[in-house]
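Structure, as structure tokens:
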Amino acid sequence: MSTKKAVKQTGRKKAATSAKVRAPVRKKPGSPISVTDEIDFMTRAWMMELEAVERYSTLADAMEEHNNPEVTELFRKLSRIEQLHADQILEEHLSKRPPVLPPGGIRWDAGEEGPETADPGELHYRMQPYHALQIALACEQRACQFFTKIARSAKNTAVRKAAREMAAEEAEHVQLVEDWLKRTPKPDPDWDHDPDPPVQSD
Amino acid sequence: MHDKVKAQGGRGVSIALAGSGGAGVMTAGNMLLKAAAQAGWYGLMVRTSGPQIRGGEAAALLRISAEPVECLDDRFDLVIAIDWQNIHRFADELPLDAGSLMVGDPDQGNPPEVLTQRGTRLAQVPIKKMAKAIPGSWPNMIMLGIAAALVGLPLDAVKSVVEAAYGKKKKELLTPNLAAVEAGFASAQTLPAVPQLAAVEPTQTPRWLLTGNQAAGYGALRGGVRFVAGYPITPATEVLEWLSPALTKVGGTLLQAEDELASINMIIGASFGGVPSLTVTAGPGLALMAEALGLAVAAEVPVVVLDVMRGGPSTGIPAKSEQSDVSIALFGLHGDAPHLVIAPNSIADCLGATQWAVHLAEAMQSPAIVLSDQFFGQTQAVVDRPADMHFIGERAKASAPTEAYKRYALTESGVSPMSIPGTPGGAYTADGLTHNERGVPSSQAADHLAQLDKRERKLLRHDYGDYWAEIDGQGEIAVITFGSCTGPVRDALARAAADGIKVRLVSMRLLAPAQPERLSEALRGVKKVLVVEQNHSGQFHRYLRADFDLPGEVRSLRHPGPLPIHAEEIYRKITEWSLM
Amino acid sequence: MHDKVKAQGGRGVSIALAGSGGAGVMTAGNMLLKAAAQAGWYGLMVRTSGPQIRGGEAAALLRISAEPVECLDDRFDLVIAIDWQNIHRFADELPLDAGSLMVGDPDQGNPPEVLTQRGTRLAQVPIKKMAKAIPGSWPNMIMLGIAAALVGLPLDAVKSVVEAAYGKKKKELLTPNLAAVEAGFASAQTLPAVPQLAAVEPTQTPRWLLTGNQAAGYGALRGGVRFVAGYPITPATEVLEWLSPALTKVGGTLLQAEDELASINMIIGASFGGVPSLTVTAGPGLALMAEALGLAVAAEVPVVVLDVMRGGPSTGIPAKSEQSDVSIALFGLHGDAPHLVIAPNSIADCLGATQWAVHLAEAMQSPAIVLSDQFFGQTQAVVDRPADMHFIGERAKASAPTEAYKRYALTESGVSPMSIPGTPGGAYTADGLTHNERGVPSSQAADHLAQLDKRERKLLRHDYGDYWAEIDGQGEIAVITFGSCTGPVRDALARAAADGIKVRLVSMRLLAPAQPERLSEALRGVKKVLVVEQNHSGQFHRYLRADFDLPGEVRSLRHPGPLPIHAEEIYRKITEWSLM
Amino acid sequence: MSTASVAAAPITAAAFKSAYKPIWCPGCGDYSVLSSITKAFAMLDLRPENVAVVSGIGCSSRIPAYTTCYGFHGVHGRALAAGTGLKVARPDLTVLVAGGDGDGYSIGGNHFLHACRRNVDLTYIVMDNHVYGMTKGQPSPTTEPDWESKLSPGGTGLRTFHPLVVALASGANFIARTFAGDPNGTAQIIADAIRTPGFSFVEILSPCVTLRPEQRGWKEQAHPASVATTSDPAKAARYLMTDDGFNIGVLYKGNRKPYQPPMGKGTKRVADLEAEFSI
Amino acid sequence: MSTASVAAAPITAAAFKSAYKPIWCPGCGDYSVLSSITKAFAMLDLRPENVAVVSGIGCSSRIPAYTTCYGFHGVHGRALAAGTGLKVARPDLTVLVAGGDGDGYSIGGNHFLHACRRNVDLTYIVMDNHVYGMTKGQPSPTTEPDWESKLSPGGTGLRTFHPLVVALASGANFIARTFAGDPNGTAQIIADAIRTPGFSFVEILSPCVTLRPEQRGWKEQAHPASVATTSDPAKAARYLMTDDGFNIGVLYKGNRKPYQPPMGKGTKRVADLEAEFSI
Ligand SMILES: Cc1ncc(C[n+]2csc(CCOP(=O)(O)OP(=O)(O)O)c2C)c(N)n1
Ligand SMILES: Cc1ncc(C[n+]2csc(CCOP(=O)(O)OP(=O)(O)O)c2C)c(N)n1
Ligand code: SF4
Ligand code: SF4
Ligand SMILES: [Mg+2]
Ligand SMILES: [Mg+2]
């Protein structure tokens, strides 16, 4: 196993203070998946939203358990927003034949999660709303890129059209989150400062 | 600040600093304790926190006093909270009353009902806003200033601690945080009063600030331990963490074992090699060591096992104190396996008791279990530097053994000189099988009995001197206790004494082998005995019944952890009983 | 044969068959016992041997009687040796006196002085030569004939056992060996007499020939055990060896674990799954199981651990009996961990006590330790078929749990219905961490106390009925004992009764939880209490002091293994004391 | 397995998540592992009541209570033993054993060896963060030799433990490595592990953001294995012996028969056994 | 190692044999192993007082008392832990740890793993007879799956444990197999093992004539390994993975640095440490 110094973090004190949340990046936006028709496509879009709903809610729980009320509230809000999106898709596109979730959720390419799903690995207990919005922004951006790609590459025209619509909608969301970010105070440079040691247990 | 009251010298003031993870309440508490220490006060600080590893609710519980203190008080004078989130989870640990004062940040909501219900006053200070107003400063420094001011700790004392903390490494943090401390200090002037610390003279006698875990580690080294193997476990890990670099410095070593079975067998192997050895663990680990402890008894290999007790059974409550490993420590070995069990009776005594344990183990070639606990182990305390002790681990060695060398010779003392590998002519095989004097396996009744007798004899014939117990006071009522209940018992006895009730204290340091004659001597004339311990089934009480003869009427005062036994409970029990 | 004397019915005759490995003394002993059994006598046989795995000196020690016997006698009437090599190694186990008779082979030298010193008569029979003279026959069959003749066992009875042994498989062996038995039988007619067996009527009540280890295994199955995991260890292995095929037959299974830590955790896992489970071990293994036993206490998972006690501490004397795991069984768990400890008081009772233990463990969702010992476990005995018992392991199950299901509900009985995996709606997490009623980890003092109370309560509130102890007799002297000391105590009491001395017997089957009221009841009017146990430190005695109130004067009669406590010692102690 | 008989809608991952909020540090890899496990259960259309999640002690070992399955949170290092007993006694259940690298490779090493060898139909998941999380940062067997901690200033200097090679050497039938940062990939592999009869071992790189914050960088290091799943132990051995620790995928899949002694198939009544004692 | 300073005559194997008569069954392979060990000690010109022989419990584990060295007969399965403690605390001694397959691979499996990994300068000998001798014939991890015993009627059905592969996987620095029936070859390999720094593992096929009389036939089965000693773990892994269990020779020899933390080289007095507590 690699023991490269580059990977290594020496010194526990450093370990306690340098746990910065990095800019939430994911290498791929989730590659397009082959969709058969518009219903299939919208079903996936709907599922994507639902996965995001579920994830934000989990993140909110995590932050709540760790006494970070501002970020808890924000993730709850994001979860609600995504739920609205999901409901909207259901109502506008899938009302005739309400879809059934496949077990374990849908498969995204290469085993990745849905493009709009936040990575729990990005969390930090001291994070501030600004960080949470960065995470949300990245999610929306990935979603937008995802739909854009489908809009370009799908063979089915109806799918292309629907994807364009979705991409536009996600672009709006990106804009919304960006605005929100602008209104949100930037985190203090020492936002993750915690002079106390971790708790030991068990 | 109105109505300044001086706290009783001995009782001191009790302060809790609370807030969610990241708020730095432990750091603030540490600084407060250090400042008090440097300014001449005594004190101690207990950490408590929620189950979350990070970001959970936490509190630093302090007691500062002009006289030495060995436990928390029954109540708090002051609680300062940066926020109140989930603080109800340890409301039990924060007994408040109408005389107490809570200080909170109005922007962080209100304290939970469980804290306010006892009529405790609440004062508001916009702690976070004040910190924000001083860029680069942290709320916990505001809190530190408030606490210092309220209890009457000089501002300078606190500032010098802050300077020491940030002055060297992080200069840019120093100025704003000093300002924060000052701002906090100033803001307290308008707050309701809490009892203030009694004045102290700057003392000349050297003092230490340390935890029981550090003290035990240091005691082990003083006793001569040079090999340690251990497996991490809460709340014992810090002993290993302290010992690891320390051993390297003094010429010994520490191995992290793969499990506790390995730890104990490693130290037995090392001690067979002639090197005084120790391991450190808590209940679950001690249970795993039971089999090999029997080997140490049978093969007569001295080892010391420090058990930092925590809530049990099973995984229990790992980060909280309880005295519930008494039974396993005394009786947890299979077969007839007499051995030593020693309990320190204060944080400072973790040093002495551990050192003594090494000494005894080596002197008698016996395993010794030291029963410390989470309270001792993880509480930071200001103590007078303990006196040097002459207890050094030194075993009887067979210096020039001959062909006829009998490793397990039936000596009068029961101790047989041990040949250390490397010594020509002294080779023998240490064995956990029943053996004869030469160590050759035997299933003869006579050999078995002779060796069992010898192993019992060596423990019973040893002269343990006065160190076997702390005995104090006179009177017809006696309290028998051990370990970390000693502090609250002492407090209770002081209160009783103030009422004119005389009570004897016997705090047993040597739990096994039992010293029934000595105890009878200590209890001569006693008519009522109260046994105080922190566990559910009265393990110590039962042991006293089994192996000692207690005079008069005997009562048991006990409850399990995680809450300590309070002085008040003991005091009440005694006073009530004394009237009957 | 001159001077035929009838042995006392109860006391019977005691015979030792000795010789080096390969001589077949165990086989001869087995056949003798079987023959006696089939002819209507009771009896038992103990094996003893040197440390060599193969080819060492060995002896079969038998006691045969017209009435049930539960232990060896204090002395032997007859020792027959094929050779005397190294037999001094277990001279202790062969108490002889002037009334005893030794029969040896003149070609094999003389018995060691340690056997002859007590004036024991010696008769010579050229055993090996006689066997040589019958080609295809073996010396142990000559020995068998001699033994049968001397004690008055009908030749036919012996012959039919020999026929059963060789008749089917190895016909060519049958004729010469029958001839050898006859030759031996005939040769005995000229030998000095030893006491002869009292006559018996062929009985109608069914009898069994089995060891305590088999009985315990069978009791486990009767109690409902269907999963067993274990790791071999002397003298417990045979329980596993008996159970392995037996479980397959009745629809259960046995896993050989990699170590005892695995065994105990495997059975806890299986029992969590709803299957009554058991493991079997001896002292060293029990020590290794202590940690997980604590888990079973805290998570309330019923399991049974059968500890077949052997000489301790450490590896000790693996093949010999001792009652020295009392302390570890009672107190070997860390934290406050109340549990069940049960001791069979006869070989046959290994069945009942184990079955009861399964029943109790399941009823109270608690671990139960059964303290058998090497004597019970490895002694073959003829017993009346034990009565069927209604004790079946059945735990309270949550049949239709809902969302609000509380695994650790604070019920009045302390027993909380358990949901078994597979039951919809009843999912919960069994936890060794301190938890609340739902099983969610908690470090709240109130939850900890409530669960500790509940776990104590469920053991204390259970109605153990009369099965908690065997109580016999009247009088102001009482003997309290347990386990395999019960046999010698009964013998001693019979002797005392013959002298007109009335003594009460309390043989405790339920060691924990302690039943102090019941014991007080059983001891009402008693002025003198003698506590009898086979260990060095008086573990049982200390426990009685700790947890019970014993009336009057209390004395302890004890010694460690490998020798049993003899009826004579107990008898003498009682009669002396009764005169004071 | 007695899956519910009603023609129920396919179960979702969410149905396997309990209401209890993890105590894990936000950012901890174990959140993702939890999500992967629940996804895998859903993929396999299991019912929570027919699944048992068994663990030892450690941060990762807290996982049972966070599922809606039957949970068993035992003692440190003995999860595999408990899981083995449970599965052998209750072959109808799906048993998932889970825990940390300290729990599984240090104190639990012996059970790991023998579980691989015994090949009971279990799935064993190790959330490997190369550290003792719960006790605040001591080196585990998989910790790099130069990682500094209070207990080992200057690093342990010890060769790291290679769980996959040891699993192979001791007979595991299914060996995979996944990365917590890829929850769906992990879910698929877990599902495959559960589906594969016999003992399946899934090592999951699950960062400890608190004590090993540098492990946030694992995202960049984890990469799909360069070879396809093999069923040839010798080939697998050679490959794994030089493995960089970040190869993701199913690295070995054998077809040894699982060990399941007969249970509940006895033909005799208990009383029948008495015959052998009768005289 | 502080070998005696007087210019003594070369020591003989006999000087390492004690006066105690083994309890072993005549014909037991362990007699030969005892003789190989004493020969190896003599070859290396060791002094009995500078050697410690450490064991667990079992027939084979009785060996310490049959030598004139310092002996430690500990508890079942923990010999390697005791040996490790002894060697680390007393690096001047030659420490030989010895025992059986049950002791070392079953109950002692975890210490085996970690001793290999830790690489303390020890030599570990396992007298493997594929059975629990001392307890009269139960299957051990190396017992063939179809060997019948009371405990496992019909055989265990379990894959045998491959000690050499596991040793390699967990980092042993020297791995050999010998056959008790070739005491001189065994002696040479033991000597080589002791000489090689770090953890050396020697698996000795040592027949149990009492419980596995068919092992007398090992004489015919043991054969020299078809490959030379390698220092390439990947190569060794591939070879050992398909090993027939009767290849005799040194099969792997690495050059990892032994683990020996500083002992007895401290520069400070104990009292110097007080400074950190002072207020
Ligand atoms: C017998 C015993 N020894 C030690 C401990 C202390 N302990 C609890 S968790 C743990 C290690 C956890 O590490 P790991 O298994 O890697 O889990 P993580 O917390 O990293 O997820 C230890 C040593 C214990 N609970 N029981
Ligand atoms: C803790 C413990 N469990 C079980 C035993 C019983 N026991 C003694 S030796 C042994 C196995 C011996 O087998 P092995 O190590 O292969 O040695 P061998 O006798 O075959 O040389 C066992 C299970 C014990 N002494 N201690
Ligand atoms: S300490 Fe590490 S492993 Fe434990 S919960 Fe926090 S991040 Fe996860
Ligand atoms: S039983 Fe087997 S291993 Fe034990 S001494 Fe006899 S032959 Fe050797
Ligand atoms: Mg870990
Ligand atoms: Mg063996």
Side-chain angles (χ1 to χ4, degrees), chain B residues 51 89 92 261 283-288 290-291 293-295 297-299 311-320 322 324-325 327-328 330-338 431-434 441 443-446 448-449 452-453 456 535-537 539 542-543 545-547 559-563, chain C residues 51 89 92 261 283-288 290-291 293-295 297-299 311-320 322 324-325 327-328 330-338 431-434 441 443-446 448-449 452-453 456 535-537 539 542-543 545-547 559-563:
Chain B
R89 286 200 186 151
D92 278 356
L261 304 156
L286 181 61
L288 290 171
E291 189 208 10
L293 278 169
L295 170 65
V297 168
S314 197
T315 314
I317 313 183
K320 298 282 174 190
E322 197 170 75
S324 56
D325 292 349
S327 290
I328 189 177
L330 290 166
F331 301 115
L333 282 54
H334 71 275
D336 287 300
D431 212 315
L433 278 167
T434 295
S443 55
Q444 297 291 307
H448 189 40
L449 183 61
L452 287 169
D453 279 345
E456 181 185 68
N535 61 52
H536 190 252
S537 54
Q539 302 182 3
R542 288 173 189 219
Y543 173 56
R545 283 183 54 116
D547 278 48
H559 66 65
L563 297 180
Chain C
R89 287 204 185 146
D92 278 356
L261 304 156
L286 182 61
L288 290 172
E291 190 208 8
L293 278 169
L295 170 65
V297 169
S314 198
T315 313
I317 313 182
K320 297 285 175 188
E322 197 170 74
S324 56
D325 292 348
S327 290
I328 188 177
L330 291 167
F331 301 116
L333 282 56
H334 72 274
D336 287 301
D431 211 316
L433 278 166
T434 296
S443 55
Q444 298 289 308
H448 190 39
L449 183 62
L452 287 168
D453 279 346
E456 181 185 67
N535 61 52
H536 190 251
S537 53
Q539 302 181 4
R542 287 174 190 219
Y543 173 56
R545 283 184 52 118
D547 278 48
H559 66 64
L563 297 180

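Labels below follow one simple rule: chain letters A, B, ... track the order of the sequence lines, proteins then strands, and each chain is numbered from 1. Predicted, not measured: the structure shown is a model, and the values here were computed from it.
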[X] (side chain) donor-acceptor with [Y] (main chain) under 3.5 angstrom:
X      : Y      : answer
C:Q444 : B:P562 : no
C:D336 : B:S537 : yes
C:R542 : B:A546 : no
C:E291 : B:S314 : no

With chain B, which of [options] has the greatest number of heavy-atom pairs at distances under 4.5 Å?
options                        : result
C:P560, C:A446, C:A287, C:P284 : C:P284
C:A337, C:A298, C:A445         : C:A445
C:A299, C:P318, C:P441, C:S324 : C:S324
C:L563, C:L288, C:D92          : C:L288

*So which heavy atom on C:L452 is nearest to which on B:G312, and how close?*
CD2-O, 4.4 Å

*If you look at every heavy atom in B:G294 and C:P313, which pair is closest and at what distance?*
O-CB, 4.3 Å

*Side chain, backbone, both or neither: which part of C:P51 has a heavy atom under 4.5 Å from chain B?*
neither

*Checking C:D453 against chain B: side chain, backbone, both or neither under 4.5 Å from a heavy atom?*
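Answer is both: backbone and side chain atoms of C:D453 are under 4.5 Å from chain B.
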
_Is there a side-chain contact (heavy atoms from CB on, under 4.5 Å) between C:H448 and B:K320? Walk through the geometry before answering._
CA-CA 11 Å; C:H448 190 39; B:K320 298 282 174 190; over 6 Å; no

*Take B:L286 and C:H334, measure what side-chain contact (heavy atoms from CB on, under 4.5 Å) needs, and give me the verdict at the end.*
CA-CA 8 Å; B:L286 181 61; C:H334 72 274; 5.8 Å; no

*Could you please spell out the steps behind the side-chain contact (heavy atoms from CB on, under 4.5 Å) verdict for B:T315 and C:L295?*
CA-CA 8 Å; B:T315 314; C:L295 170 65; 5.9 Å; no

*Identify which part of B:L293 has an atom lying under 4.5 Å from any heavy atom of chain C, answering side chain, backbone, both or neither.*
neither

*Against chain C, label B:H536 side chain, backbone, both or neither, depending on which of its atoms sit under 4.5 Å from a heavy atom there.*
both

*Just give me the residue among B:I317, B:N535, B:L261, B:L330 that pairs up with chain C most often, heavy atom to heavy atom, under 4.5 Å.*
B:I317

*Name the option with the most non-hydrogen atom pairs under 4.5 Å to chain C; the candidates are B:G283, B:G311, B:G332.*
B:G283

*Find the distance between CD (C:E322) and OG1 (B:T434) and round it off to the nearest 0.5 Å.*
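Reported value, rounded in 0.5 Å steps: 7.5 Å.
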
*CG of B:L333 to CD1 of C:I328: how many Å apart, nearest 0.5 Å?*
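Interatomic distance, B:L333 CG to C:I328 CD1, rounded to 0.5 Å: 6.5 Å.
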
